[in-house]
Enquirer: 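Attaching a single structure in C-alpha cells format; questions to follow.
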Number of protein chains: 2
Amino acid sequence: MDVLKALQALADPTRMAVFNCIRGCGGASAYDCETGECDANEPGGVALCDVKCKVPCSPSTLTHHLNVLRDADLVWTERRGRKAYVQIRVETLRALAAFLLETK
Amino acid sequence: MDVLKALQALADPTRMAVFNCIRGCGGASAYDCETGECDANEPGGVALCDVKCKVPCSPSTLTHHLNVLRDADLVWTERRGRKAYVQIRVETLRALAAFLLETK
DNA sequence: TGAATTATTTGATGGCCATCGAATAATATG
DNA sequence: CATATTATTCGATGGCCATCAAATAATTCA
C-alpha cells in the first residue's frame, strides 16, 4: 500500500467530506438523498448521486475526487444500472492506521 | 484534534521524510549525523541539524515543514543550546489512527 | 568580543491541483 | 426511438504551497 498516496487522497476537505459521507452510511447499505436515510434494501455501497447531495461540488469534481480515492485504494466503485456505487476499502484504512501506530 | 490538518501535514513527501526520520530514531534518543547512529546519551528527540543531514532540503524549508508538523500537533520541539530537538507526539498519531479505524 | 554553528524570517516564484462548465457517454424507461 | 437521469471526459483557470536564497537571529566557545 502506498501510504503517502493514501494520505494525500484524504488530505483534502472535499475528499474528506466524500469519504465521511461514504463511511457514514453503514458500509453495506445505500444512503438515499430524498429520505435522508440509509436504505438497507439497496446493497453494496452508497450511490454517487446521493453523495452529491451531501457534498456540494460539481459532478465532474466529484468524479475527480472519487478517482483519487480509488487510485489510493481507499474506495472501490461499481456501476449498477445508471448509478455508480462506492464503498470503503477497510483493509487500506487498517494498513494506514498500522503505519501511524508503528513504533520504530 | 484536527484530523484534516494532521493528514495534510503528513501528505507531503518531504514532510513524510522528516516525520520518518524523527520516528526512525527511537523517539527518546538523538540521531547523530556524523556517526549515523542514535545517541542514547542525548535525551529528548532528534536534533534538527541531524534531520537536515537525512532530508535533502534547505534550512528554511525544513523550518517551514517543522512548523506545519508542529501546528498539526504531530511533533513538538524544544531548543537546547544552539540546537533544536524535535519529538513525535504519539497521542496525536493514536487519535489519527483511531479516526481511520472508526466504524460508523 | 568575534567567529562559528544552528535556526528562523521574509519575500519571491514556479508548479501542482481543485474546481468548474460544456460536451459526451451510459443506462433506463416511456 | 426520444427523453431523462446519472456519470465521465476534457480543457482552462485561479489559488495555494513547497521551495529557495538572503538576511537575520540565537547561542556557544575561543
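Throughout, protein chains are lettered first and strands after them, A, B, ... in sequence-line order, and every chain is numbered starting at 1.
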Enquirer: According to side-chain hydrogen bond (donor to acceptor under 3.5 Å, both in side chains), who are the partners of B:T14, at least two apart in sequence or on a separate chain?
Expert: none
Enquirer: Write down the distance between CG (A:L66) and P (D:dT6), rounded to a whole number of angstrom.
Expert: 16 Å
Enquirer: Which of these nucleotides, C:dC20, C:dA7, D:dT6, is closest to any side-chain atom of A:K83?
Expert: D:dT6
Enquirer: Select base, sugar-phosphate, or nothing to describe what B:H65 touches, counting heavy atoms under 4.0 Å on all strands.
Expert: sugar-phosphate
Enquirer: What pairs with A:R94 under side chain to side chain contact (heavy atoms under 4.5 Å, CB included), at least two apart in sequence or on another chain?
Expert: A:V90, B:L101
Enquirer: Check DNA chain D against residues 3-13 of chain B and give the residues with a non-hydrogen atom under 4.0 Å, in numerical order.
Expert: B:D12
Enquirer: Round to a whole Å and report the spacing from CG of B:L62 to P of D:dA18.
Expert: 13 Å
Enquirer: Look at the side chain of B:T14 and decide which nucleotide, out of D:dA18, D:dT6, D:dT9, has an atom nearest to it.
Expert: D:dA18
Enquirer: Let me know the distance between CG of A:D71 and P of C:dA18, rounded to the nearest Å.
Expert: 12 Å
Enquirer: Holding to side-chain hydrogen bond (donor to acceptor under 3.5 Å, both in side chains), I want the full list of residues that pass it with B:T92, two or more places apart in sequence or in another chain.
Expert: none
Enquirer: Would you say that A:L100 contacts B:L10 through its side chain, given a criterion of any heavy-atom pair below 4.5 Å between the two side chains?
Expert: yes
Enquirer: Within this structure, what is the NE2-to-C1' distance between B:H64 and C:dT8, rounded to whole angstrom?
Expert: 13 Å
Enquirer: Looking only at side-chain N and O atoms, does A:T63 come under 4.0 Å of OP1 or OP2 in D:dT9?
Expert: no
Enquirer: Would you please name every residue forming a side chain to side chain contact (heavy atoms under 4.5 Å, CB included) with B:T63, sequence neighbours left out?
Expert: B:N67
Enquirer: Can you give one letter per nucleotide of nucleotides 21-30 of chain C, going 5' to 3': B for a protein heavy atom under 4.0 Å from the base, S for sugar-phosphate only, - for none?
Expert: B-----BB--
Enquirer: Who passes side chain to side chain contact (heavy atoms under 4.5 Å, CB included) against B:D71, sequence neighbours left out?
Expert: B:K5
Enquirer: Separation of B:N67 atom CG from C:dT9 atom P, in whole Å?
Expert: 6 Å
Enquirer: Are the side chains of A:L7 and B:R15 in touch, meaning some heavy atoms are under 4.5 Å apart?
Expert: no
Enquirer: The criterion is side-chain hydrogen bond (donor to acceptor under 3.5 Å, both in side chains); which residues satisfy it with B:E102, sequence neighbours excluded?
Expert: none
Enquirer: Which residues satisfy the side chain to side chain contact (heavy atoms under 4.5 Å, CB included) test with B:P56, sequence neighbours excluded?
Expert: none
Enquirer: Can you measure B:D50 atom CG to C:dT5 atom P for me and round it to whole angstrom units?
Expert: 15 Å
